[in-house]
Amino acid sequence: MATIPNLYLKWRLFRELIGVPQSDAQIGSVIFGEGRDGAQKFSKLLYGDYGCSPEIADVLADFINRRLDLSRKSRGLAPLGTEGLSPADLSGNVHDFARRIAEAGAVTDAIALDRAQDALLQEITPAPASSSMPRLVVEQYEMGRFFEPFASSDDEGPVVFVPGKHKGRLAVVGIDREPAMAYTFLVRDPRPAGQRSWDLPWGETLRWMPAPSRPRLEDGTLPLMVDAFPVLPVKGRFLATSILVWDPAIQPMLDPRGANPPPAGLTEEETSRFLTNLRRLQKRRPDSLTAWGAEYSVEVP
């Protein structure tokens, strides 16, 4: 049975877009029919620790379609008909799944759509911005004053970049030791441009720096990028996350590619698995890594 590492993201989007009165534990007991064991198996299924057999996929797709049908009828719309989800939709990518749910459920309510967008961002950005030290900061440079910082996100809130005018760099400040490695990625919230994440390909809303990287400490600052780079003309709110790994022994438990992979971006499924591994390590071995978040925005004239 193949596992689906990003199923928890799809399930969260389904719950937020359509609304599900039952808890996951109740649903797990219905699907697996095994009481508490069913709830545990359902949780493992969602997070890619339990294989999704064709039989389970059929039951889960049927549950989703019945809920979609009830949602439509409660709003006076026609029954679901043939536009429901198929079991194959469960193993596809997250944004395609979100579009299918929104279309099949005829979801047009801005509150529900924004609630789902916020939930997705919450799931894929595990490190909220923090005012404590150390912290991840977004450094901004004027294009003509490369070596002199123009502004920083240290104390002034999210930095606003203008393409063609500014360069930017990410760094961790107030740090007194060098990590074994770092994992850094950016997530774009496209709502300032009138879109939501699932209106775009996954790769246009989440991008990795080649990971793992091995940044070097410079007088209490850990530059995560060697140089400052021009900002692309892409309007939106951007959420940066960087995970510093202190104990290299945990890398195989964090990185779904295993120990010592060549630096590269992670795929959607690898990212989903990475985030699950990260949250578990934050609970079980909090001293082995630290995650920080920061935010900036880009305005296109």
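Nothing fancy with the numbering, it's 1 onward along the sequence.
In this structure, Phe97 has no ring pair (Phe, Tyr, Trp, His ring centres under 6.0 Å) partners at least two apart in sequence or on a different chain. In terms of the side-chain contact (heavy atoms from CB on, under 4.5 Å) criterion, residue partners of Gln282 (sequence neighbours excluded) are, by chain and number, Leu278, Arg279, Leu289, Ala291. With sequence neighbours excluded, no residue forms a salt bridge (Lys or Arg N to Asp or Glu O under 4.0 Å) with Glu299. In this view, Arg284 and Arg280 satisfy the side-chain contact (heavy atoms from CB on, under 4.5 Å) rule, not counting sequence neighbours. Applying the side-chain hydrogen bond (donor to acceptor under 3.5 Å, both in side chains) rule to Asp199 yields no partners; only residues at least two apart in sequence or on another chain are considered. Arg66 pairs by the salt bridge (Lys or Arg N to Asp or Glu O under 4.0 Å) definition with Asp62, not counting sequence neighbours. Scanning for salt bridge (Lys or Arg N to Asp or Glu O under 4.0 Å) contacts around Glu83 gives Arg72, with sequence neighbours left out. Applying the side-chain contact (heavy atoms from CB on, under 4.5 Å) rule to Asp109 yields the partners Ile111, Ala112; only residues at least two apart in sequence or on another chain are considered. Partners of Arg177 under the salt bridge (Lys or Arg N to Asp or Glu O under 4.0 Å) rule, at least two apart in sequence or in another chain, do not exist in this structure. Checked against ring pair (Phe, Tyr, Trp, His ring centres under 6.0 Å), Trp208 has the following partners two or more places apart in sequence or in another chain: Phe185, Phe274.
Between Asp227 and Lys167 there is no salt bridge, since none of the side-chain N atoms of the basic residue sits less than 4.0 Å from a carboxylate O of the acidic one.
Listed for the Gln26 side chain is a donor-acceptor partner under 3.5 Å among the backbone atoms of Ser23. For the pair Gln117 (side chain) and Ser197 (backbone), a donor-acceptor distance under 3.5 Å is present. Of the possible donor and acceptor atoms, none in the side chain of Tyr8 sits under 3.5 Å from a partner among the backbone N and O of Glu123. With Ser43 contributing its side chain and Ala39 its backbone, the two residues share no donor-acceptor pair below 3.5 Å.
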Q) Please walk me through it: do Leu136 and Leu224 pass side-chain contact (heavy atoms from CB on, under 4.5 Å)? A) CA-CA 10 Å; Leu136 177 64; Leu224 298 170; 3.6 Å; yes
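Residue pairs meeting the salt bridge (Lys or Arg N to Asp or Glu O under 4.0 Å) criterion with at least one partner in residues 259-274, sequence neighbours excluded, are Asp49-Arg273. Residue pairs meeting the salt bridge (Lys or Arg N to Asp or Glu O under 4.0 Å) criterion with at least one partner in residues 93-108, sequence neighbours excluded, are Asp89-Arg100, Asp96-Arg99.
Rounded to the nearest 0.5 Å, atoms OG (Ser288) and CG (Leu244) are 11.5 Å apart. Rounded to the nearest 0.5 Å, atoms SG (Cys52) and CG (Leu7) are 6.5 Å apart.
Taking hydrophobic clusters as Ile, Leu, Val, Met, Phe, Trp and Tyr residues chained together by side-chain heavy-atom distances below 4.5 Å, Val59 shares a cluster with Leu80.
Listed here is the closest heavy atom pair of Glu16 and Ala119: CG-CB, 3.6 Å. Taking all atoms of both residues into account, the shortest heavy-atom contact from Trp292 to Pro134 is NE1-O, 3.1 Å.
Ring geometry for Trp202 against His95 counts as tilted: the plane angle lies between 30° and 60°, on a 0 to 90° scale. Classification of the Phe63-Trp11 ring pair by plane angle, with boundaries at 30° and 60°, yields tilted.
Side-chain contact check for Val94 versus Leu13: some heavy-atom pair is nearer than 4.5 Å.
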